[in-house]
Trainee: 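Right, I'll just put the structure down here and ask away after.
Worth saying up front: this structure is predicted, and the values here are computed from it rather than measured. Just so it is clear: chains get the letters A, B, ... in the order the sequence lines come, proteins before strands, and each one is counted from 1.
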Amino acid sequence: MAKVIDIPDDVLRAFNAFAATHPVTDTTPKPKYLIVRMTDDFLSCAIDSIATLGSTYTDMVSQLSPTHCRWIIYSLDVDDDIQVPERTLCFMAWSPDDAPVKQKMLYSASKGFFRRGLPGGIDMFLVQAASPDEIALNVVVERVIEKQSPQQ
Amino acid sequence: MSAIRSSIFACAPTTIRGQSVHLDADPKGESLLYTNGKSVFIRNLAKPEVAKEYTQHSCNVTVAKYAPSGYYIASGDERGNVRVWDTVGDEQILKLETHPISGRINDIAWDGESKRIIAVGDGRDKFGHAFLADSGSSCGEIMGHSKVINTVAIRQTRPFRAVTGGDDGALVFSNGVPFAYNKTIQDHTRFVQEVKFSTNGEMFASVGTDGKIFLYDAKTGDKIKELSLGEHGHTGSIFALSWSPDSKKLLTSSADHTSKIWDIETSSVVNTFDLARSDDAVASQQVGNIWKGDHLVSLSLSGDLNYLDPSTSKASRIIQGHQKAITAFTISEDKKTLFTGSYDGRVMSWDESSGVATPLKEASHSNQVMQMVSSGAQLISAGMDDTVRISSRSAPNDVSVLSTNALPKSVSVSDDQTVVVATENEVQLFQAGKKVDSLPVGYSATAVAINPQGSVVAVGSQDGKVYVMSLQGTRLAVVHTLIKNKGAVSALAFNPEGSLVAAGDSTGKIFVYDVASGETKTQQWVFHTARVTAIGWSPSGQYAVSGSLDTNVYVWSLDKPTKRIAITNAHALSVSGAAFVDEDTVVSTGADACVKTWKVTHHK
């Protein structure tokens, strides 16, 4: 059973600001990602950081700590990798090997509720990563393409 | 941010005692074609340091032959697969893959139009098959042998004829096309090793284990004469023959350690090349040869390619290399010489710029070389023969052989030439060629490294821990235990300053630790998928290179830990060594017995 947590308005607003816009008609530049953490009591969540304009996938990866879990919503697009045919929202569950076990379990148990709490959140492409090699851009892109292209 | 291969210092051809090696050269006579392991090598005859490789076979390749057009190569392997592939461009596009016989392919021949191929060898229902190079459909039958076929040749001009020779001592003469049995020629008394048609297509010659050479008419298959009746012939099995470009002479290579040039007209020996090496008689048996243009090359069982000079009857040049997987690798302090040790214990030194290899007899072991390191003029190697050999490049005869009493897993040396060796349950210290201390450890040691200053020793263990110890005099005392690695620690390397240690493990992850504080400096170097076999730092300490069992080489940056340069499939089977020559050049070695140099454009 998913653990119920609060999703504060500012998280929702930040998500809507770049994720819930039309990918074709709305062409104003938007930040690429949003990093969310759970509050210390694990009852709510908060914005950890929002990408500034022009920051890249590498910037996002370098912000991840090897000892703390995070949720990342990343807008994968052609500017990341030309192989991506269309904009894909990715929900990344960063759960490093060296994070405390309690944290890993609570992040894992709550992520379903958190995604459902976001408009269209359940349609996001799920990436689970425990070490940097699992969250490398080429690995993620490969999986996204596999999902999008029709089955052989 | 990329890496481009700048050279391959190729391995030597694979040889098997008692079997002929069918070498080939491209039609222009520029490059030599041979096989080793799962790879085919195309090596420039005039500049042997220039080579190309083909690595698409899934098991050991036994023979490769150029089409007379020069545009295709057909290569056959141990399981009876033949692949025909494009030689133009770097893509090496596959034209045909076929499975003509069920066993080992021993030889392949093309017809003069580059359209038909005959592949022969071992098989259950037949020993050879003739097929079209573009479709693989049959164009004849190879019949009449009762044992394995060793060799095949096709007349290059019409009317086509084909000859095969095998372990039953018979030559089978076939008419073509389609190839069909004409007659059996039973002149050899033992195995036939090689047959070849003359360049002008008038004759063919055969050689065999009985030491005889026969000449036949190419159109009818009638015997002309036995060449070996003349004086000064071979005294052992003859493994190979090649015709001169003018079809007037014949080059033969034999197990009696010699190669000979014969004059066809007078049946006499023109030149005898004595290629015996005093140290190893068996290794100097001659098992293959090629005569193309001005190049006469004879192959020793040891894999040495002897360039023969008819004017002096001596080898003008000997090209050497490893035949077996390279298992240990290091670079001299001046970065101009590379040292490699192989699975069979052979140690070689390579000139970094010219790629010329010289065997180092004094450093060689009787069994697999585990690891090698160098410091100053000293080369230190640890081998599976339970010894550590310390040899000096300035005085080659001054070798100290130190017994470790157990299998040395790993060896390392500091700038002041303190040598540390890790065995299963001991760390041993050597100074000035003597064992000064051995410290029993309560864990299974798998890797060891000493910092260049000689003050800190790191020991990796089977359970993934790295023990950092301080070294005062001959005393070792544990300072930190580093516990990030999850698998057995398989590679350890201190940066040039001695302040950081990189530890690679059997799960493919590399962690960099600060030696003084014991803290983890970076844990982003985790992209290998199998055991890390080697780690090398750049001279500045800014970059590191690692090689792994997953066949990949990665170049890492300390400043930009999330960026990395991947060299995928650097060596077939596995990478065994990797090191920086200078800030932008990386050298790697692998189980394919090759040494490769890469130019690196660094992380942006």
Trainee: With a cut-off of 6.0 Å (strictly less than), are more than 12 heavy atoms of other residues, nucleotides or ligands near CD of B:E97?
Mentor: yes
Trainee: Is any residue of residues 486-518 of chain B within less than 4.5 Å of chain A by heavy atoms, and which ones?
Mentor: B:K486, B:K509
Trainee: Please report the closest heavy-atom contact between A:L34 and A:V11, naming both atoms and the distance.
Mentor: CD2-O, 4.3 Å
Trainee: Does CG in A:L12 sit with more than 12 non-hydrogen atoms of other residues, nucleotides or ligands closer than 6.0 Å?
Mentor: yes
Trainee: Applying side-chain hydrogen bond (donor to acceptor under 3.5 Å, both in side chains), name anything that partners A:W94, two or more places apart in sequence or on another chain.
Mentor: none
Trainee: Looking at A:Y107, A:Y33, A:F15, which hits ring pair (Phe, Tyr, Trp, His ring centres under 6.0 Å) with A:W71?
Mentor: A:Y107
Trainee: Run the side-chain hydrogen bond (donor to acceptor under 3.5 Å, both in side chains) test on A:S131 and A:D133 for me, step by step, so that the C-alpha distance in whole Å, both residues' side-chain angles and the decisive distance to 0.1 Å come before the verdict.
Mentor: CA-CA 6 Å; A:S131 69; A:D133 55 327; 2.2 Å; yes
Trainee: Does anything in residues 561-580 of chain B reach chain A? List residues with heavy atoms under 4.5 Å apart, or say none.
Mentor: B:T562, B:K563, B:R564
Trainee: Do any of residues 519-540 of chain B come closer than 4.5 Å to chain A, heavy atom to heavy atom, and if so which ones, in number order?
Mentor: B:Q523, B:Q524, B:V526, B:F527
Trainee: The test is side-chain contact (heavy atoms from CB on, under 4.5 Å); show your working for A:R115 and A:L126 and say whether it passes.
Mentor: CA-CA 10 Å; A:R115 287 177 72 189; A:L126 177 64; 3.8 Å; yes
Trainee: Determine the minimum heavy-atom distance between B:I326 and B:A328, stating which atoms define it.
Mentor: CG2-O, 3.4 Å
Trainee: Name the region of B:K560, side chain, backbone, both or neither, that has any atom closer than 4.5 Å to a heavy atom of chain A.
Mentor: neither
Trainee: So, B:Y54 versus B:W85, ring centres under 6.0 angstrom or not?
Mentor: yes
Trainee: Above 12 or not: heavy atoms from other molecules or residues under 6.0 Å from CG of A:D40?
Mentor: no
Trainee: Does atom NZ of B:K95 have more than 12 heavy-atom neighbours from other groups under 6.0 Å away?
Mentor: yes
Trainee: Using the ring centroid of each side chain, check whether A:Y57 and A:Y74 are separated by less than 6.0 Å.
Mentor: yes
Trainee: Check A:D97 against A:K104 and note the closest heavy-atom contact, atom names and distance.
Mentor: O-NZ, 3.0 Å
